[in-house]
J.: 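One structure is given below, represented as structure tokens, and several questions about it will come after.
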Amino acid sequence: MKTVYAFLADGMEEVEALMVIDLLRRTKKLNVVTVSVKEEKLIESSHKIKLYADKNIEEIDFEAGDCIFLPGGVPGTPNLAACEKLTEQIIKYDKEKKWLTAICAAPSIYGQLGLLKERKATSYPTFADKMNCKEYGGSVVRDGHFITAKGLGVALEMGLEMISVLVGPEISRQVAEAIQYNVR
């Protein structure tokens, strides 16, 4: 079973995080671990909603992970970017071609680390200048082992795309159908 580490930081966009985490967990084929980037597991979102992470960053084994997911939000994204252990592991995951996924402002972390120079990517529009990517734009963009998404409005599509690459398009279709997404 593949492991997805979903990183949470104070000031994150909670719906982006929870939509993707919920969809991934619905597959029952992924080990989805929510991870606080600070010692405390209690996170306060950008809209003052309190959430508890499963673990803090010191309690996880990055080697056991297959995917990093970063939700956006401000100051959530700067708080994620300020976590040196996380950014070191992002660079390592990139070298190992492990999945790196992010939504809204958070793809800018990959851009600022110089990981998107030869890639297509997207983000919340006000972060376009921080992306440092080959081609910018789109709602949900997959290029190589990166999946980036524009913002909350496409969080559902991002989650389904992540399911498609991590466990297969048929499982993604089944989850979409189960939640009545695009069912007429």
Side-chain angles (χ1 to χ4, degrees), residues 1-8 12-35 45 51 53-55 60-73 76-77 80 86 89-90 92-94 96-111 115-116 118-125 127 131 133-184:
M1 185 178 289
K2 291 182 179 170
T3 295
V4 177
Y5 290 129
F7 286 89
L8 309 179
M12 67 166 187
E13 192 357 284
E14 65 278 351
V15 177
E16 291 170 356
L18 293 176
M19 173 64 77
V20 172
I21 292 163
D22 175 275
L23 291 170
L24 298 177
R25 285 186 174 174
R26 284 174 187 262
T27 69
K28 298 187 181 1
K29 296 181 180 297
L30 292 166
N31 176 33
V32 183
V33 182
T34 57
V35 183
S45 75
L51 303 163
D54 299 320
K55 298 186 179 282
I60 64 168
D61 175 10
F62 277 97
E63 293 296 317
D66 299 285
C67 177
I68 287 175
F69 166 61
L70 305 177
T77 295
L80 289 171
L86 175 59
Q89 291 299 319
I90 288 169
K92 188 171 186 217
Y93 269 46
D94 178 53
E96 296 172 357
K97 305 292 185 231
K98 290 186 176 185
W99 286 101
L100 292 167
T101 66
I103 188 169
C104 193
S108 67
I109 295 170
Y110 301 149
L115 306 180
L116 301 175
E118 298 301 318
R119 305 223 178 257
K120 294 182 278 186
T122 195
S123 68
Y124 193 78
F127 286 81
M131 292 297 289
C133 58
K134 182 177 177 181
E135 185 180 325
Y136 179 82
S139 295
V140 177
V141 176
R142 179 172 74 177
D143 189 343
H145 57 283
F146 286 86
I147 300 172
T148 54
K150 196 171 196 170
L152 173 58
V154 297
L156 197 153
E157 287 90 349
M158 180 183 192
L160 293 173
E161 181 68 15
M162 289 174 66
I163 293 168
S164 187
V165 300
L166 292 168
V167 292
E170 178 58 23
I171 301 297
S172 181
R173 187 195 62 72
Q174 289 172 8
V175 170
E177 187 175 294
I179 64 168
Q180 298 297 289
Y181 179 69
N182 281 340
V183 176
R184 302 211 191 274

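Because only heavy atoms are used, hydrogens play no part in the values below, and waters and symmetry mates are left out as well, while side chains stay in. Sequential numbering from 1 along the given sequence is applied to the chain's residues.
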J.: Looking at every non-hydrogen atom in both residues, tell me the closest pair between Cys104 and Gly72 and how far apart they are.
T.: CB-CA, 4.0 Å
J.: Using modelled atom types and a 3.5 Å cut-off, is there a donor and acceptor pairing between side-chain atoms of Glu16 and backbone atoms of Pro71?
T.: no
J.: Side chains of Val20 and Val32: does their closest heavy-atom pair fall under 4.5 Å?
T.: no
J.: Could you tell me whether a side-chain N or O of Thr34 sits under 3.5 Å from a main-chain N or O of Phe7, the two making a donor and an acceptor?
T.: no
J.: Taking ring-ring contact (aromatic ring centres under 6.0 Å, His included) as the definition, give me every residue that meets it alongside Phe146, ordered by chain and number, with sequence neighbours left out.
T.: Tyr110
J.: Is it the case that the side chain of Lys97 and the backbone of Gly144 share a donor-acceptor pair, with hydrogens and angles ignored and the cut-off at 3.5 Å?
T.: no
J.: What's the separation between atom OH in Tyr93 and atom OG1 in Thr101, rounded to the nearest 0.5 Å?
T.: 11.0 Å
J.: Applying the side chain to side chain contact (heavy atoms under 4.5 Å, CB included) test to Leu30, which of Thr3, Ile21, Leu24 qualifies?
T.: Leu24
J.: My understanding is that only one of Gln174, Gln180, Arg173 makes a side-chain hydrogen bond (donor to acceptor under 3.5 Å, both in side chains) with Glu177; could you say which?
T.: Arg173
J.: Side-chain contact, heavy-atom cut-off 4.5 Å: Leu86 with Leu70?
T.: yes
J.: Checking side-chain polar atoms at under 3.5 Å, does Tyr124 have a donor or acceptor matched by the opposite partner on Ser108?
T.: no
J.: Let me check something: any side-chain donor-acceptor pairs from residues 158-167 under 3.5 Å, sequence neighbours excluded? List them with distances.
T.:
from   : atom 1 : to     : atom 2 : distance (Å)
Glu161 : OE2    : Arg142 : NE     : 3.4
Glu161 : OE2    : Arg142 : NH1    : 3.4

J.: Rounded to the nearest 0.5 Å, what's the gap from CG on Asp66 to CG on Asn31? Could you check?
T.: 9.0 Å
J.: Are more than 12 heavy atoms, taken from residues, nucleotides or ligands other than Lys98, located less than 6.0 Å from that residue's NZ atom?
T.: yes
J.: Could you tell me the separation between the CD1 atom of Ile103 and the OG atom of Ser139, rounded to the nearest 0.5 Å?
T.: 10.0 Å
J.: Can you tell me how far CG of Leu80 sits from CD1 of Ile109, rounded to the nearest 0.5 angstrom?
T.: 4.5 Å
J.: Rounded to the nearest 0.5 Å, how far apart are CD of Glu13 and OG1 of Thr77?
T.: 10.0 Å
J.: Can you tell whether the side chains of Arg119 and Asp143 come within less than 4.0 Å, N to carboxylate O?
T.: yes
J.: Scan the side chains in residues 147-157 for donor-acceptor partners under 3.5 Å anywhere in the protein, sequence neighbours excluded, and list what turns up.
T.:
from   : atom 1 : to     : atom 2 : distance (Å)
Thr148 : OG1    : Thr122 : N      : 2.9
Glu157 : OE2    : Tyr181 : OH     : 2.6

J.: Would Tyr136 and Ser123 satisfy side-chain contact (heavy atoms from CB on, under 4.5 Å), going step by step from the backbone distance to the final call?
T.: CA-CA 8 Å; Tyr136 179 82; Ser123 68; 3.1 Å; yes
J.: Please report the interatomic distance CD(Gln89) to CG(Leu100), rounded to the nearest 0.5 Å.
T.: 11.0 Å
